[in-house]
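Input: a single structure, listed below in structure tokens.
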2 protein chains.
Amino acid sequence: MLPLTSMTGFLLQKSGAILLAHAERALEARGTRVRHFYVLAALNDTPDLSQHDLSQMIGIDAGILGSLIDEMETDGHVERRRNPLDKRRYVVNITKLGRDVLVVLLDDMQKIEQEFLSSLSDSEAGNLRKYLERALAGRWPEVIECGSPGEI
Amino acid sequence: MLPLTSMTGFLLQKSGAILLAHAERALEARGTRVRHFYVLAALNDTPDLSQHDLSQMIGIDAGILGSLIDEMETDGHVERRRNPLDKRRYVVNITKLGRDVLVVLLDDMQKIEQEFLSSLSDSEAGNLRKYLERALAGRWPEVIECGSPGEI
DNA sequence: TATTGTTATACTCTATAACTATA
DNA sequence: TATAGTTATAGAGTATAACAATA
């Protein structure tokens, strides 16, 4: 029997947990957490997200995301207004200041990632990314209904 | 900039979390959790572990592991006695019944893993495992001092 | 003085459900 | 009736520190 420490599932889970712990430790020095980075990066990729779609995209509970966005709005990193086409929804966007912060956090995150993968060649790291993308396809991120009434 | 959902770190963290969630859901039907599987698998690979070394090997807090081992000893899946060479330490081992349980849980876990990786070929899944092993080398599991007084 | 293991406590996190407003 | 978002709360999970026994 393959030892536990060679089972792909165990390796995947521990890799993810260790990488996250490294990232949290690095971002702690900036007074932020990985979830702030996820929000900024998602909003930078996809404008005009509702909180609901954002919470599904990055996998954070809608309740937690609510207070997170409150905080980030106070800091001026994101802005939100009501969606005129569906007044239940917000339209959340990253601000100029948020983009500046994102540049710094992205640099931190990429350094952490590169350090973690430093024993792999560039092509191997590329393969790893492709494998994970394929394994996750259809499972993540949860489908955002782009034709939903939330679209502006 | 690479979208968040294509960053290897994000993919790794989400893959690990999703796979763990799948596994927890599958094992829930048997009244166990992934941590029980980890303990049984580690003890099956490595006899005569102390609780301290075991907690480092599978990455569970020593306090949590204590009550976990209590429970598993009551169920007859593990047994422990004091290490005669260092009476502070336990010597924990898997029992015959524990091995029977492990066979069942391992089958569950492998099915979950195969399903999760079903979009990869066998050689790709093998590559993925090798990449993760290399990325984790030296980071996990934490070194067990095999020459320590805990050895029998 | 340091380490193993146990226990208790406090803190964090998450999940749930209730609620308002809107569709 | 269903959905977006907010809020409060309970439960689970985790980390910490104190302690006893042993080295």
Side-chain angles (χ1 to χ4, degrees), chain A residues 13 17-18 20-21 24-25 28 32-36 38-39 48-74 78-93 142-152, chain B residues 13-14 17-18 20-21 24-25 27-28 31-36 38-39 48-74 78-93 142-145 147-152:
Chain A
Q13 194 227 310
I18 288 174
L20 179 61
E24 293 287 11
R25 208 179 313 137
E28 196 175 17
T32 58
R33 297 188 50 181
V34 171
R35 56 182 56 176
H36 296 87
Y38 284 172
V39 168
D48 296 333
L49 279 172
S50 71
Q51 287 188 193
H52 181 257
D53 289 347
L54 179 58
S55 87
Q56 289 201 303
M57 183 180 281
I58 62 180
I60 291 182
D61 179 84
I64 293 170
L65 182 62
S67 48
L68 185 62
I69 296 290
D70 286 345
E71 178 195 329
M72 295 177 73
E73 192 180 31
T74 302
V78 306
E79 62 189 4
R80 63 182 156 184
R81 58 182 197 281
R82 285 290 170 183
N83 183 334
L85 299 184
D86 183 344
K87 290 176 182 165
R88 294 172 306 182
R89 294 177 180 235
Y90 281 124
V91 172
V92 188
N93 278 290
E142 298 199 12
V143 179
I144 309 290
E145 302 153 19
C146 292
S148 75
E151 285 290 303
I152 293 187
Chain B
Q13 194 226 311
K14 292 305 178 186
I18 288 174
L20 179 62
E24 294 287 10
R25 208 178 314 138
L27 265 51
E28 195 176 16
T32 58
R33 297 189 49 182
V34 171
R35 56 181 57 176
H36 296 88
Y38 283 172
V39 168
D48 296 332
L49 280 172
S50 71
Q51 287 188 192
H52 181 257
D53 289 348
L54 180 58
S55 88
Q56 289 201 303
M57 183 180 282
I58 62 179
I60 290 183
D61 178 84
I64 294 170
L65 183 62
S67 48
L68 185 62
I69 296 289
D70 286 346
E71 178 195 329
M72 295 177 73
E73 191 179 31
T74 302
V78 306
E79 62 189 4
R80 63 182 156 186
R81 57 182 198 279
R82 286 289 170 185
N83 183 335
L85 298 183
D86 183 345
K87 291 175 183 166
R88 295 171 305 181
R89 295 176 178 234
Y90 281 124
V91 173
V92 188
N93 278 290
E142 298 197 15
V143 178
I144 309 290
E145 302 153 18
S148 75
E151 285 290 302
I152 293 188

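So you know, we letter chains A, B, ... as the sequences are listed, proteins then strands, and number each from 1.
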Residue list, side chain to side chain contact (heavy atoms under 4.5 Å, CB included) with [X], at least two apart or on another chain:
| X | value |
| --- | --- |
| A/R82 | A/Y90 |
| B/H52 | B/S50, B/Q56 |
| B/N93 | B/P47, B/D48, B/E79, B/R81, B/V91 |
| B/S55 | B/A62, B/L65 |

Residues in side-chain hydrogen bond (donor to acceptor under 3.5 Å, both in side chains) contact with [X], at least two apart in sequence or another chain:
| X | answer |
| --- | --- |
| A/E24 | none |
| A/E73 | A/R80 |
| A/E28 | none |

[X] [atom1] to [N] [atom2], straight-line distance once rounded to whole Å:
| X | N | atom1 | atom2 | answer |
| --- | --- | --- | --- | --- |
| A/D48 | D/dA4 | CG | P | 16 Å |
| A/R25 | D/dA15 | CZ | P | 12 Å |
| A/L49 | D/dA4 | CG | C1' | 14 Å |
| A/L68 | D/dG5 | CG | C1' | 15 Å |
| A/I69 | D/dT7 | CD1 | P | 14 Å |
| B/L85 | D/dA23 | CG | P | 10 Å |
| B/E73 | C/dG5 | CD | C1' | 13 Å |

For nucleotides 1-3 of chain C, print each protein N/O atom paired with a nucleotide N/O atom at under 3.5 Å, atom names and distance only.
from, atom 1, to, atom 2, distance (Å)
C/dT3, O4', B/R88, NH1, 3.2
C/dT3, O2, B/R88, NH1, 2.9

Candidate nucleotides [options], ranked by approach to the side chain of [X] - the nearest:
| X | options | result |
| --- | --- | --- |
| A/K87 | D/dG5, C/dA23, C/dG5 | C/dA23 |
| A/D70 | D/dT7, D/dA23, C/dT6 | D/dT7 |
| B/Y90 | D/dG5, C/dT6, D/dT22 | C/dT6 |
| B/Q51 | C/dT6, D/dT6, D/dA23 | C/dT6 |

*Using a heavy-atom cut-off of under 4.0 Å over every strand shown, decide if A/S67 touches base, sugar-phosphate, or nothing.*
nothing
*Taking the side chain as every heavy atom from C-beta outward, state whether A/D53 and A/R89 have any pair of such atoms under 4.5 Å apart.*
yes
*asked:* Using a 4.0 Å heavy-atom cut-off to protein, can you give one letter per nucleotide of nucleotides 8-19 of chain C, 5' to 3': B if the base is in contact, S if only the sugar-phosphate is, - if neither?
replied: -----SS-B---
*Identify the heavy atoms of A/E71 and A/H36 that sit nearest to each other, and give their distance.*
OE2-NE2, 2.9 Å
